[in-house]
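What you see is a predicted model; the values in this text were computed from it and never measured. Below, chain A is the first sequence line, B the second, and so on; all start at residue 1.
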Number of protein chains: 2
Amino acid sequence: MARRQERAELRQDQILDAAEACFLVEGFHGASMARIATAAKMSVGHIYQYFGSKDAIIIALCERRFAGFEELLSASGQSAASPLSPVDAWISQFTWWIDPIRAPLTLEIMSEAGRNPQVAKVVERIDRRFREMMQDNLLPLAGPLPKADVAHVLEAIILLSHGMTSRITADADADPERIMAAFRLAVHSLLRDWAVGE
Amino acid sequence: MARRQERAELRQDQILDAAEACFLVEGFHGASMARIATAAKMSVGHIYQYFGSKDAIIIALCERRFAGFEELLSASGQSAASPLSPVDAWISQFTWWIDPIRAPLTLEIMSEAGRNPQVAKVVERIDRRFREMMQDNLLPLAGPLPKADVAHVLEAIILLSHGMTSRITADADADPERIMAAFRLAVHSLLRDWAVGE
DNA sequence: CAAAAAAGAATGATGGTTCATTCTTTTTAT
DNA sequence: ATAAAAAGAATGAACCATCATTCTTTTTTG
């Protein structure tokens, strides 16, 4: 009984892993169920036992992607002892965000959100969480900011994160280190925290 | 003879306009040639007289999109008299970039660039032009920057622009004004130019 | 009346989805 | 505990719509 549940979850992950790999290479609409099935080492029909449609797979994948990011966000509350300054420790979490294996799908999700309201919902939720978390965990680390600027500063950091996904995806030669450095500089500058260690 | 040429160009634009409208709604791979033909008010077969393949249309559209941006970049050299500060005048050009009609396709292009090397080429070219132009036209407007930071500042501004397309596309409720304000604040802050007029 | 422009009907491949069917595992009855 | 019965997991071929592309035919134009 619990055995069944366990197996079902295994299969679902199997499908999502395969779909993720296919979507990464071909995009949501370029990948076919047949190829996803092959990648998942199971039959096409069987996939439909776990997901009602290809769209449902896309949604589930979006959720899973951002579940990973939410975990990161939650963990950022209690940062362990680090050789970095608190702000830099916070910033360095974004290596997750710009992982070249992760970025293309994230970008695909953003693009899809423009047409698919269900995907837009998921994106909207994570955007809200992201803002809340910055409010709670990042702003206290920074110097005092003009009250009127706070919202804009948070928005700008969000823009920067999305920009990172875009650049990492679109430019194969983009250097993640270089991009993280630019991000770091921009965040420090937005927080008016000029003690940027080099 | 020149009549023919003229007509051909008209037809090509007609096709690109139609394709743009379709891609905006359905994405590159969601849109079909049949629907593009309908939108262009011509037959499917006829389209193939002007573009060898659907992919060729995608490429041509990418080129045309960025041709518009390059024009903008070139024009930014000689800015007319403006009530805004020079930096703000420069920034305000980016309303082009975040036009909600334009942004989704731009984002789709970035996503596609991750898989289609031809598209990546176009993106890479415009990225280079963008950097050059900032070097020439934006930096002189700013205060003196630490030499080591210059590259990072430019990179950060690029991240911000791409982030804007992403946000505008993915979040239907995103307020362009608000996003531009965040961009403005971030650019001023990166240029260490604190005279932000409100 | 040619020659280019345009239309639109084939074409064959491929799309997502469904379905009848066969294995495999679990439950029930003895 | 073992055999029969029921349920669930898994398959892959069949479905029909649609895809990008090509071919043939008609219309327009110079």
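- No contact: A:Ala37 has no heavy atom under 4.0 Å from any strand.
- Nearest to the side chain of B:Arg35, among D:dC19, C:dA6, C:dG16, sits D:dC19.
- When each of B:Gln49 and A:Gly45 is assigned the nucleotide of DNA chain C bearing its nearest heavy atom, the one mapping closer to the 5' terminus is B:Gln49.
- Closest to the A:Tyr48 side chain, of the nucleotides C:dA6, D:dA10, C:dG16, is C:dG16.
- For the OP1/OP2 pair of D:dA10 and a distance below 4.0 Å, the side-chain nitrogens and oxygens of A:Tyr50 include at least one atom meeting the criterion.
- Following rounding to the nearest Å, A:Asp55 (CG) and C:dG15 (C1') show an atom-to-atom distance of 14 Å.
- B:Trp97 places none of its side-chain heavy atoms less than 4.5 Å from the side chain of B:Gln93.
- Side-chain nitrogen and oxygen atoms of A:His46 include at least one within less than 4.0 Å of the OP1 or OP2 phosphate oxygen of D:dT11.
- Annotation: B:Glu132, atom CD; neighbour count of heavy atoms from other residues, nucleotides and ligands within 6.0 Å is above 12.
- Within 4.0 Å of B:Ala56, counting heavy atoms only, lies no atom of the nucleic acid at all.
- One interatomic measurement links the two molecules: NZ of B:Lys54 to C1' of D:dT22, which rounds to 17 Å at whole-angstrom precision.
- Here the side chain of B:Ser43 is nearest to one of C:dA6, D:dG12, D:dA20, namely C:dA6.
- As a whole-Å value, the separation of B:Leu10 CG from C:dA4 C1' is 16 Å.
- Closest to the side chain of A:Ser32, out of D:dC19, C:dT17, C:dG15, is C:dG15.
- Closest to the A:Met42 side chain, of the nucleotides D:dT11, D:dC19, D:dA10, is D:dT11.
- Following rounding to the nearest Å, B:Phe28 (CZ) and D:dA20 (P) show an atom-to-atom distance of 14 Å.
- Contact check, B:Arg7 against D:dT28: no side-chain N or O comes under 4.0 Å of OP1 or OP2.
- Rounded to an integer number of Å, the gap from CD1 of A:Ile57 to P of C:dT17 is 8 Å.
- In this entry the distance linking CD1 of B:Ile36 with C1' of D:dA20 reads 10 Å, nearest Å.
- Under the side-chain contact (heavy atoms from CB on, under 4.5 Å) test applied with A:Arg65, the options A:Leu105, A:Ile126, A:Leu16 reduce to a single match, A:Leu105.
- The separation between A:His29 atom NE2 and D:dA20 atom P is 13 Å, rounded to whole Å.
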Verdict with reasoning, B:Ile57 to B:Phe23, per side chain to side chain contact (heavy atoms under 4.5 Å, CB included): CA-CA 11 Å; B:Ile57 298 180; B:Phe23 290 154; 4.3 Å; yes
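- Taking a cutoff of 4.0 Å between a charged side-chain nitrogen and a carboxylate oxygen, B:Arg115 and A:Glu26 do not qualify as a salt bridge.
- Distance, B:Ile47 CD1 to D:dT22 P: 14 Å, rounded to whole Å.
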